[in-house]
Amino acid sequence: MRTPSSLGGKLILIMTAVGLVATIGITLLLAAIITPSFTTLEDKAVAAHVERTRAALSDYAANIESAARDYGDWNDGYSYLAQPGAAFKRASFSPRAMSDIGVDGMAYATPEGRVVTARWRDPAAGKDRPGIDAQLIATIDRTNIAQVLQGRRSGRFYARVGDSVAAIGVAQVRRSDGSGAARGYVVLARVVTSGQMSDRLKRDARIDLATIGDRYSVRSTRSKLVVAVPIIGADGHAVATTQLRIPRDISSLGRRMLLLAVAGSTVLLLLVLVVLRRMIARLVLRPLHRVESHMQRVRVSGSLALLEDDERRDEIGSLGRSFNAMLRQLKDLREQIEVQSFDLGRSESAVAVMHNVRNALNPISTILSQGIAQAAPIDRASIDRAVAELARGDLPEARRRKLATFVAAAIEAESTNRQATRRELEVGRAAMAHVLEIIGQQQRAAHERPALEVCDVSDIIARNATIARYSPGASIAFSFPAGPNLVMASRVILSQVIGNLFGNAVESIEARGTGSGSIAATIAKAGDRVIIQIHDDGEGFPPNVAAALFQRGFSTRAHKSGGLGLHWCANSVNAMEGSLRLGSNGPGLGAVAILTLRAGS
């Protein structure tokens, strides 16, 4: 991980990514399997709780219905509905009688549903509650008892009585033996409390007077489920709800199981990744590091010692054997090169010197060619005739003055032409001295490393600019910075290198075929190095062949097989502790030669 660009770092990153993807995949898979399963179990548990709650409510109402049916088969009650009397009401509607049968409210009603008498007692205080009596009567009045009974002798339903919910049982009033036509109905009411429902269901249950519909609903929190079971009234709609608070043990178990499964699979993946990393480091990375270390030792020492064979028969062992075979081949090639290097060096040096001499002789050839082709400024016969005519004594004065002026102009033109020729000959003599200096320096330094001295590269560029100015194939503009710019180099070799670069730039401009061009040299200092850049607007070359230009025999021009000049230049600059690079943006976009040398003191 500290070196992510290495093979080991990449393998660790890949394994880490695979582990993360696998962990996420396993987590999603387990979540897709475990979570729905436990959700289904929880839904089934909720449905079971709803059924038990409904069964408890039904049993509670069935008990009060049974009490009402027993109370309805009674001769005294049958007689009371025929002729109501105070004695029956005091005996049968007493608090003790209501307590014995376990009801909170009682009432007798006619077959039409009109309440004959009703009573509601407070079991806690043992007293009547007239207000609740009226609410019980109102509940009976708005209830269709015949619909509740549905042709049976008794029935049951739930209703809101005051601020309570009561289970109400209804039965026809007959004689004790069940004979006789029904003279009315007896109604018994028993309040359903939260405590009673909790005791019956063995759960935390609460009677809520708020209704949320005729179907049960489930509201969930992270730790509990709140199940609301409706309490259905006589009209088939809910009059209240029973709320159960159920701990989410199944969901908690599912979450714990999911976490344990994910944690277990993650730990297992981590163990597998650690083992894989150690195995890869032992079987792959360590042998590769041994090969790399051996290659570093070979590069530093130059000794082509063979890699110790560990007798492995896998791909790593094959790599080591191939590496040793390559070292043996390189050792044989090195011996062959050492045998041929001396003869090749002498031949290459001679060719390079002749190449540089040719570059230096180009200005002389150009000057001589221009001198031969240049015509005389004034025709010699015309001058002779003018002189002969001036020698005559009878020549008119006006004619004499005109001839004298002509002869003086001819002499001045001849003198100017002679001075120009003299300057060109001086340039040619300097170029010839440059050639002789190249030859002499080559003889002195044939077997020596070039001695470095402080040179003014601006002066050397100015001297070699003659190659560009006297180009026969194109008109070339030249510019370079003035002032001394000192570098550490061999003055003669540096002059040859710069002359060669100028010659190549001129050939590039001529090959472009425009008839004109420009060469610009710039000099910049960067720390203890001086950077000389020579830009031309010649034909250029593809950027991908820049390195190949320094190879022997390589040329970008199909009609040439040169390349020795740049090859020699690069080796010479390297010998002077510098570097030479070539660059171009592409064919037709010119080129640049970048020469870097040590700065002079």
Side-chain angles (χ1 to χ4, degrees), residues 1-38 252-338 527 529 543-548 550-551 574 577 579 581 596:
M1 297 296 289
R2 290 192 295 270
T3 56
S5 60
S6 66
L7 176 60
K10 291 179 180 178
L11 289 175
I12 291 175
L13 289 176
I14 292 173
M15 290 191 296
T16 302
V18 170
L20 289 175
V21 172
T23 301
I24 294 173
I26 291 174
T27 301
L28 295 177
L29 180 61
L30 292 175
I33 294 175
I34 294 176
T35 302
S37 299
F38 280 89
S252 299
L253 178 61
R255 284 195 298 270
R256 287 196 296 269
M257 182 177 292
L258 178 61
L259 291 176
L260 289 175
V262 171
S265 60
T266 302
V267 171
L268 180 60
L269 281 174
L270 289 176
L271 291 176
V272 171
L273 291 176
V274 170
V275 172
L276 283 177
R277 183 204 180 274
R278 291 185 178 275
M279 295 303 295
I280 290 174
R282 180 179 178 182
L283 298 177
V284 180
L285 299 180
R286 190 179 301 171
L288 290 179
H289 180 68
R290 187 168 66 91
V291 174
E292 182 187 8
S293 300
H294 186 77
M295 292 174 67
Q296 293 290 340
R297 288 194 297 270
V298 170
R299 184 180 64 83
V300 173
S301 64
S303 175
L304 299 178
L306 299 181
L307 177 66
E308 182 180 355
D309 189 5
D310 55 1
E311 299 182 355
R312 292 180 59 166
R313 292 295 175 261
D314 55 7
E315 290 81 358
I316 300 298
S318 177
L319 174 64
R321 289 187 292 273
S322 299
F323 179 67
N324 285 337
M326 182 190 66
L327 290 178
R328 293 189 190 95
Q329 187 177 10
L330 288 176
K331 186 175 182 181
D332 295 339
L333 292 175
R334 175 186 285 183
E335 292 175 355
Q336 295 177 13
I337 291 173
E338 288 176 353
R529 313 294 285 184
N544 58 349
V545 303
F550 296 103
Q551 298 177 4
N574 289 335
E577 302 178 8
S579 64
R581 293 186 292 113
T596 304

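Quick caveat: nothing in here was measured; it's all calculated off a predicted structure.
- L288 is listed as a side-chain neighbour of L319, based on a closest heavy-atom distance under 4.5 Å.
- Partners of I280 under the side-chain contact (heavy atoms from CB on, under 4.5 Å) rule, at least two apart in sequence or in another chain, are L11, M15, V284, L285.
- In this structure V291 satisfies the side-chain contact (heavy atoms from CB on, under 4.5 Å) test together with M295, L307, sequence neighbours excluded.
- Listed by chain and number, the residues in a side-chain contact (heavy atoms from CB on, under 4.5 Å) with S318 are R321, S322 (sequence neighbours excluded).
- Qualifying side-chain contact (heavy atoms from CB on, under 4.5 Å) partners for R286, counting only residues two or more places apart in sequence or in other chains: R282.
- The distance from the CG atom of L270 to the CZ atom of R277 is 13.5 Å, given to the nearest 0.5 Å.
- For the atom pair CD (E577) and CZ (R529), the distance works out to 7.5 Å, reported to the nearest 0.5 Å.
- Closest heavy-atom contact between P287 and A281: CD-O, 4.4 Å.
- Nearest heavy atom pair, residue N574 against residue S579, reads OD1-CA, 4.2 Å.
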